[in-house]
Amino acid sequence: AVQGDIRLRADTLKVHYRQRPPGQQAPAGAAVDPQTSIHRIDAVGRVFISSPEETARGDVGVYDVEKRTILLEGQVVLTRGDNVLRGNRATMDLASGRSVMAPTAGERVHGLFVPNREPPPANPKLTNPKP
């Protein structure tokens, strides 16, 4: 499933449609019946999500189209650049670009954080002394 630059892939995708209220217009470019809208997608088995900022994978996922959130559960791995978080439950907010990894009871979240390797900006007072 693709929406803009977000991609969702899994062994099984189940799409839930909602009847559109009379008079409400379908989104521009909608490829489905103009009287229905997708409100949720359930993903099961080897779930993989990618956006320009990060990738995520897990065993099960639920994409709430209206809230623009994806809930992932089971062996979740979030990757942003070289940084990696591992846990059992994560929520991705597609509107803000923020993801939250929350441990389930008795579990821990594991992370690998790689610092930015760019050199710090030079201090102009030290590199260009006044004559």
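For clarity, every value in this text was computed on a predicted model and none was experimentally measured.
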At what distance, to the nearest 0.5 angstrom, does [atom1] of [X] lie from [atom2] of [Y]?
X	Y	atom1	atom2	value
K67	D93	NZ	CG	11.0 Å
M92	L78	CE	CG	6.5 Å
Y63	I6	OH	CD1	7.0 Å
D82	L112	CG	CG	8.0 Å
S51	R7	OG	CZ	11.0 Å
Q3	D5	CD	CG	9.5 Å

Test log, rule salt bridge (charged side-chain N to carboxylate O under 4.0 Å, His left out), inputs R46 and D11: CA-CA 6 Å; R46 296 184 296 179; D11 291 338; 2.9 Å; yes
Under 3.5 Å side-chain donor-acceptor pair for E54 and T79: no
Charged N-O contact under 4.0 Å between R40 and E66: no
Would [X] and [Y] show up in the same hydrophobic cluster when neighbours are defined by side-chain heavy atoms closer than 4.5 Å?
X	Y	result
L8	Y17	yes
V15	V65	yes
L94	F48	no
V47	I38	yes
V109	V76	yes

Nearest atoms (heavy-atom pairs only) where [X] meets [Y]:
X	Y	answer
L72	A56	CD1-CB, 3.5 Å
S50	T55	CB-CG2, 4.1 Å
A1	L13	N-CD1, 4.0 Å
R80	G97	NH2-O, 2.7 Å

Is the closest side-chain heavy-atom distance between [X] and [Y] below 4.5 Å?
X	Y	answer
I70	V62	no
I41	H16	no
F113	V84	no

Atom CZ of R86: over 12 foreign heavy atoms under 6.0 Å: no
Donor-acceptor under 3.5 Å (N83 side chain, V114 main chain): yes
Expected output: side-chain T104 to main-chain E107 donor-acceptor under 3.5 Å: no
